Undergrad: 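One structure coming up, written as structure tokens, with questions to follow.
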Amino acid sequence: MSCRLCGSSDDGDLVQQTPGFQLIRCRHCGLVRTEGPGLDLTYDGDYYSAHALQDTMRSLRSGGARVRLTDFAYAAYLDGSSSWLRRLAALPVRNRLGGLPPRNESGSRLLDVGSGDGDFLRRAKTAGYQVVGQEINPAAVASARKAGLDVHLGPLEAAGFVPQSFDAVRLWHVLEHVAEPLAILKTAHALLKPSGVLVVGVPDFDSPARRIFGARWAGLQLPFHRHHFNPRTLRRALSVSGFRVRSLRHRSVGTIYSSLTEARRIPQALTVPAWLGLLLLDDALDLAGQGDTIDALASPS
Ligand SMILES: [Zn+2]
């Protein structure tokens, strides 16, 4: 099996053994790949009912306070006419949204690749974006369409989108799922206008959270995550796909909390001080460039 970033056919080094899978780091470029049986799984089973959809439903059932707060933060950020006071009020939540296009920059036609049940599309649409989604999970697409969203069912390359027709393409936690990350980046490049922006997010395999939790790190998501990036390999993937990296920073999505609850080191329902403590820890790690997720903006070069 060759490295999908640099093409090297070296065996690579084993960096993590998990039940059923090996994580192998390419000796040439450092990209980590998942090896093991059952990697050609699809997302047509219960993937979303087990993940995003149920999360959304749970939040809605629990009074929807979290959903409303997140909606408020998205709107405050995405809506160009937001007052500074509204934006300031939304800041603590906004720091945790991730995957946002730069505000007030280019046009408003946005494609969300792997749009899931359309949660982000719905929010961007409310904020005035002209949104289109793409998703391979039929149940998720049905759910998004029911909400009035325009979502293509099937692979991105087969969607028939017009080249150079989008101001923003969002690959939010998508690259790590695909067998050919460079191919999807090149497709995204072809769909973007020359003035457009690519929004990318991936877990950081070299973050302290992964080093501490190892095989139990919530960012591994095996076998769904086929590749595991760090800032260096993400930069390289973007540049060989024709992008210029405009910004790259850490924005944690809470894998420490998830890893601790999964390992049953802490209860799932946290006290408010404990929850705030974990949020502050995430912020401190992000500031030090050691967070669990990399958030990047890139333009066609
Ligand atoms: Zn490589």
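Because the structure is predicted, anything quoted here is derived from the model rather than measured. In each ligand, atom 1 is the first atom listed, and ligand 1 is the first ligand listed.
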Undergrad: N/O/S atom of His28 under 2.8 Å from the Zn ion (ligand 1), yes or no?
TA: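 No, outside the cut-off.
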
Undergrad: Once rounded to 10 degrees, what value does the angle at the Zn ion (ligand 1) take between SG (Cys29) and SG (Cys6)?
TA: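 About 120°, to the nearest ten degrees.
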
Undergrad: Give, rounded to 10 degrees, the angle between SG (Cys3) and SG (Cys26) as seen from the Zn ion (ligand 1).
TA: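 Between SG of Cys3 and SG of Cys26, at the Zn ion (ligand 1), the angle is about 110°.
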
Undergrad: For Phe161 together with Phe166, are the ring centres under 6.0 Å from each other?
TA: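 Between Phe161 and Phe166, which both carry aromatic rings, the centre distance is below 6.0 Å.
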
Undergrad: Please tell me if the side chains of His227 and Leu175 come closer than 4.5 Å, counting only heavy atoms from C-beta onward.
TA: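 Sidechains of Leu175 and His227: no contact.
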
Undergrad: Enumerate the ring-ring contact (aromatic ring centres under 6.0 Å, His included) contacts for residues 7-34, please, sequence neighbours excluded, ordered by first and then second residue.
TA: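 The answer is none; no pair qualifies.
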
Undergrad: Charged N to carboxylate O below 4.0 Å: is that the case for Asp167 and Arg109?
TA: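 No salt bridge links Asp167 with Arg109.
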
